[in-house]
Amino acid sequence: QVQLVESGGGLVQAGGSLRLSCAASGSIFSINAMGWYRQAPGKARELVATITKDGSTNYADSVKARFTISRDNAKNTLYLQMNSLKPEDTAVYYCSADIRTMKYVPRWNEYWGPGTQVTVSS
């Protein structure tokens, strides 16, 4: 059993900052890529940023230079530092991770957290 739990969401004024965390726990042998996604009301879920196990990152154009994704492999934790927040960043933010649960079975499954609400007021 694997769980991802996000934290750090909340209400912030435009121009402010928030730091999201996502802790993975349970029967984890290894974690490959991890990522943050978001879904605003009435819109499809969209990619925010991803990071590989060795630290290579990828960002949506809308968040480049404002958001920074990072991870602590020893703690199985993913982070998203969000600066210069805008009202259009308001959404539920989800983390995802490609996780291998068994040492002798080379199979990876994608897991998702329940999400954390980020609201940016103008």
Side-chain angles (χ1 to χ4, degrees):
Q1 189 79 4
V2 172
Q3 282 190 323
L4 299 182
V5 179
E6 302 96 339
S7 61
L11 173 64
V12 64
Q13 288 188 332
S17 299
L18 283 175
R19 188 190 195 210
L20 304 184
S21 299
C22 173
S25 63
S27 301
I28 297 171
F29 175 72
S30 181
I31 302 178
N32 199 358
M34 304 181 80
W36 288 99
Y37 295 75
R38 67 187 181 186
Q39 187 167 20
K43 295 188 177 181
R45 188 173 298 188
E46 64 176 4
L47 178 146
V48 175
T50 60
I51 184 168
T52 64
K53 190 171 185 177
D54 62 3
S56 297
T57 59
N58 178 57
Y59 295 91
D61 289 342
S62 60
V63 306
K64 280 181 181 177
R66 299 189 299 122
F67 291 10
T68 301
I69 189 171
S70 62
R71 63 191 283 175
D72 185 332
N73 291 331
K75 295 181 179 180
N76 289 337
T77 301
L78 177 70
Y79 304 98
L80 184 68
Q81 177 66 43
M82 305 186 293
N83 299 327
S84 302
L85 282 161
K86 304 175 181 179
E88 50 263 44
D89 295 318
T90 296
V92 177
Y93 283 71
Y94 300 89
C95 71
S96 76
D98 292 331
I99 296 175
R100 176 175 167 181
T101 57
M102 291 175 282
K103 181 178 181 180
Y104 299 108
V105 179
R107 183 172 67 231
W108 302 83
N109 293 305
E110 186 177 42
Y111 294 86
W112 290 84
T116 185
Q117 176 70 47
V118 172
T119 303
V120 184
S121 63
S122 58

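The first residue of the sequence shown is numbered 1, and numbering continues consecutively from there.
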Could you give the distance from [atom1] ([X]) to [atom2] ([Y]), rounded to the nearest 0.5 Å?
X   : Y    : atom1 : atom2 : answer
S84 : R66  : OG    : CZ    : 7.0 Å
I69 : T57  : CD1   : OG1   : 7.5 Å
M34 : T52  : CE    : OG1   : 11.5 Å
F29 : R100 : CZ    : CZ    : 5.0 Å
D89 : S62  : CG    : OG    : 7.0 Å
S30 : D98  : OG    : CG    : 10.5 Å

Test of understanding: clusters of I, L, V, M, F, W, Y form through side-chain heavy atoms closer than 4.5 Å, transitively. Do [X] and [Y] belong to the same one?
X    : Y    : result
Y94  : V48  : no
F67  : V92  : no
Y59  : L85  : yes
W108 : Y111 : no

Task: Q3 CD: over 12 foreign heavy atoms closer than 6.0 Å - done: no
Give the table of side-chain donor-acceptor pairs shorter than 3.5 Å for residues 113-122, with sequence neighbours excluded, one pair per line with atom names and distance.
residue : atom : partner : partner atom : Å
T116    : OG1  : G9      : N            : 3.3
Q117    : NE2  : A91     : O            : 3.4
Q117    : NE2  : T119    : OG1          : 3.3

Open item on the list: Could you check whether K64 pairs with D61 (Lys NZ or Arg NE/NH1/NH2 to Asp/Glu carboxylate O, under 4.0 Å)?
Closed with: yes
TODO: Show your reasoning for whether side-chain contact (heavy atoms from CB on, under 4.5 Å) applies to R38 and Y93.
DONE: CA-CA 4 Å; R38 67 187 181 186; Y93 283 71; 2.9 Å; yes
Give every donor-acceptor pair under 3.5 Å between a side-chain atom in residues 74-82 and any protein atom, sequence neighbours left out.
residue : atom : partner : partner atom : Å
T77     : OG1  : K75     : O            : 2.9
Q81     : NE2  : N83     : OD1          : 2.9

TODO: With sequence neighbours excluded, tell me which residues meet ring-ring contact (aromatic ring centres under 6.0 Å, His included) with W112.
DONE: Y37
Open item on the list: Checking the side chain of R71 only, and the main-chain atoms of G35 only, is there a donor and an acceptor separated by less than 3.5 Å?
Closed with: no
TODO: Please answer whether the main-chain N or O of S96 pairs with a side-chain N or O of E110 as donor and acceptor at a distance below 3.5 Å.
DONE: no
- [ ] Return the minimal non-hydrogen interatomic distance between C22 and L4, and the atom names on each side.
- [x] SG-CB, 4.0 Å
